[in-house]
There are 2 protein chains.
Amino acid sequence: MYSPRVGRTSDARNKILEAAKVLIEQRGYSALGVAEICAAAGVPKGSFYYFFESKQALALTVIDEHWAAQRAEWEAVLNADASPLRRLHDLFEVTEEVQRVAQQRSGVVVGCMFGNLALELSNQAPEIRERLQAIFDAQIELIEAVVTQAKDLGEAGPAVDSREAARSIVAQIEGRVLLAKLLNDPEQLDTLWRNSLDLLQVPDDSRTLVN
Amino acid sequence: MYSPRVGRTSDARNKILEAAKVLIEQRGYSALGVAEICAAAGVPKGSFYYFFESKQALALTVIDEHWAAQRAEWEAVLNADASPLRRLHDLFEVTEEVQRVAQQRSGVVVGCMFGNLALELSNQAPEIRERLQAIFDAQIELIEAVVTQAKDLGEAGPAVDSREAARSIVAQIEGRVLLAKLLNDPEQLDTLWRNSLDLLQVPDDSRTLVN
DNA sequence: GGAGAATACATGACCGGTCGTCTAGCTTCT
DNA sequence: AGAAGCTAGACGACCGGTCATGTATTCTCC
């Protein structure tokens, strides 16, 4: 029902979440310790298990919150008032910018948190795998919608399978982000646009963005 | 079971290497312990540091050996006696088959060992990162050569940048392998061919493979 | 408005176990 | 005897997780 706010209030939970997000992006899951997270958050280790059931439960929460934020960003870009291809283009720009900013702040390209965890934990933690599957599925769906719109407007080739093309674009993003992280070079991402034009079989006369 | 010989009388090193390869593919690096490797190899833990300087040194050896084997396979396929596009097509088939076999044997799609380790360790172990950078560079170079040949024969579009296209193909492989691992479904890989035709701007009349 | 009661959080010591690593010493062969 | 190949066992550090106990804040009831 309704629970009264009795006792203290603390921002320790949020501090843990924020620290965990950064550390998981930078160091992964297995190589990361609860003590390290707490130290970075400025929260005593004893408090950790008051706010989270387990290390894995924390990871799931971090994943959910990060996806909520990223989905909002993707939706804002992909539902903006512009041509479908333009919106797709903007998504790639945002993606590259995110990595560039992260690199300037921490010195390293952190890559895609979901991709990182997918490779690290798919075969280790079924719950995390399920969550990541749902996230990638949602990403594909968001892009699929834009591809379909592009097809309807003749911006993309009529032979294109929207869903499969969306999958390919997501795969291309993940693959390029992997290279960007390995080379610590965000510029690995700036071919995403050109490749997508090919994958979507965009005719030559539609390849110059006007809007 | 006597080995009355000078020099190496044990195959323990090889057993460790083989077990480590399988386990690293399945469980990654950080989540994997030396004891677990030795147990799987049937080698006493105390022997480990007689054969390897450290866990990381083992990982580097596993990486090198795995790449030596994979490079040989790639070269065999990519230098075969067939058209450039056909050879590229065969590489994708081999790639999918490898994952399919691994899945049938172990129950899970293990993905690409280099990609897995790249995301897990790029920002943790500089030596491993360097090795992986060299490997991906070599992969790109192998594919670039084939793309160049395809261009010369008019199989690929003249506007294609060979090196950049090769990078995109490798990225597409890694991205699709990620999805295949996450979904435990090797069939995620069978769009590689179609996508490459787009990325290489192959004209319609060259898309049917004869040889 | 003052006194408990109840709740929300803080804290550090501590648990059993595992981590990567090392060394002293055992075998086995020359 | 000496050397080389190999290994049991232990090392200290750290792992994720627990818990008893303490303090701060807001509730209820007088």
Side-chain angles (χ1 to χ4, degrees), chain A residues 1-24 26-63 117 120-121 124-128, chain B residues 1-24 26-63 117 120-121 124-128:
Chain A
M1 306 260 294
Y2 143 76
S3 71
R5 277 174 40 104
V6 175
R8 306 185 183 186
T9 56
S10 166
D11 59 341
R13 187 184 143 94
N14 286 329
K15 291 196 290 187
I16 292 174
L17 279 172
E18 182 55 32
K21 182 200 157 195
V22 173
L23 284 173
I24 286 178
Q26 287 178 3
R27 320 224 303 106
Y29 177 80
S30 303
L32 189 62
V34 173
E36 187 177 352
I37 297 171
C38 292
V43 171
K45 191 189 167 197
S47 296
F48 180 90
Y49 287 89
Y50 176 78
F51 295 103
F52 298 96
E53 267 196 10
S54 64
K55 184 188 172 191
Q56 174 168 323
L58 166 68
L60 282 170
T61 307
V62 169
I63 290 171
L117 294 178
E120 191 183 345
L121 300 175
Q124 311 290 321
E127 290 186 52
I128 292 183
Chain B
M1 321 308 175
Y2 303 96
S3 314
R5 299 219 147 262
V6 214
R8 188 134 277 145
T9 65
S10 166
D11 59 342
R13 188 185 142 94
N14 285 329
K15 289 197 291 188
I16 291 175
L17 279 172
E18 182 54 33
K21 181 201 158 194
V22 173
L23 285 173
I24 287 178
Q26 287 178 2
R27 319 223 306 106
Y29 178 80
S30 302
L32 188 62
V34 172
E36 188 177 351
I37 297 171
C38 292
V43 171
K45 189 187 171 194
S47 298
F48 182 89
Y49 286 87
Y50 175 76
F51 296 104
F52 297 96
E53 267 196 10
S54 65
K55 183 189 173 191
Q56 174 169 322
L58 166 68
L60 282 170
T61 307
V62 168
I63 290 171
L117 294 178
E120 190 184 345
L121 300 175
Q124 311 290 322
E127 291 185 52
I128 292 182

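A note on names: the letters A, B, ... follow the listed sequences, proteins ahead of strands, and every chain is numbered from 1. As the structure is a computational prediction, the values presented were derived from the model and not from experiment.
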Rounded to the nearest Å, what distance is computed from the [atom1] atom of residue [X] to the [atom2] atom of nucleotide [N]?
X      : N      : atom1 : atom2 : value
A:Y50  : C:dT7  : OH    : P     : 11 Å
B:F52  : D:dC6  : CZ    : C1'   : 14 Å
B:R27  : C:dC19 : CZ    : C1'   : 13 Å
A:D11  : D:dT25 : CG    : P     : 13 Å
B:Q124 : C:dG20 : CD    : C1'   : 16 Å

| query | Listed by chain and number, what are the side chain to side chain contact (heavy atoms under 4.5 Å, CB included) partners of A:S47, not counting sequence neighbours? | reply |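 Once residues adjacent in sequence are excluded, the partners of A:S47 under the side chain to side chain contact (heavy atoms under 4.5 Å, CB included) criterion are A:V43, A:P44, A:F51.
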| So, B:E120 side chain and A:G28 main chain: donor-acceptor pair closer than 3.5 Å or not? |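 No; judged by distance alone, with no hydrogens or angles, the pair does not exist.
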For residues [X] and [Y], report the shortest heavy-atom separation together with the two atoms involved.
X     : Y      : answer
A:T61 : A:R13  : CG2-NH2, 3.9 Å
A:Q56 : A:A125 : OE1-CB, 4.0 Å
A:A40 : A:L23  : CB-CD1, 3.8 Å
A:Y29 : A:K55  : O-NZ, 2.9 Å

| message | Over all strands shown, is B:A12 touching base, sugar-phosphate only, or nothing at heavy-atom distances under 4.0 angstrom? | response |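 Result for B:A12 = nothing.
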| query | Which parts of nucleotides 11-19 of chain D does protein reach within less than 4.0 Å, heavy atoms only, written one letter per nucleotide 5' to 3' as B for base, S for sugar-phosphate only and - for none? | reply | -----BBBB
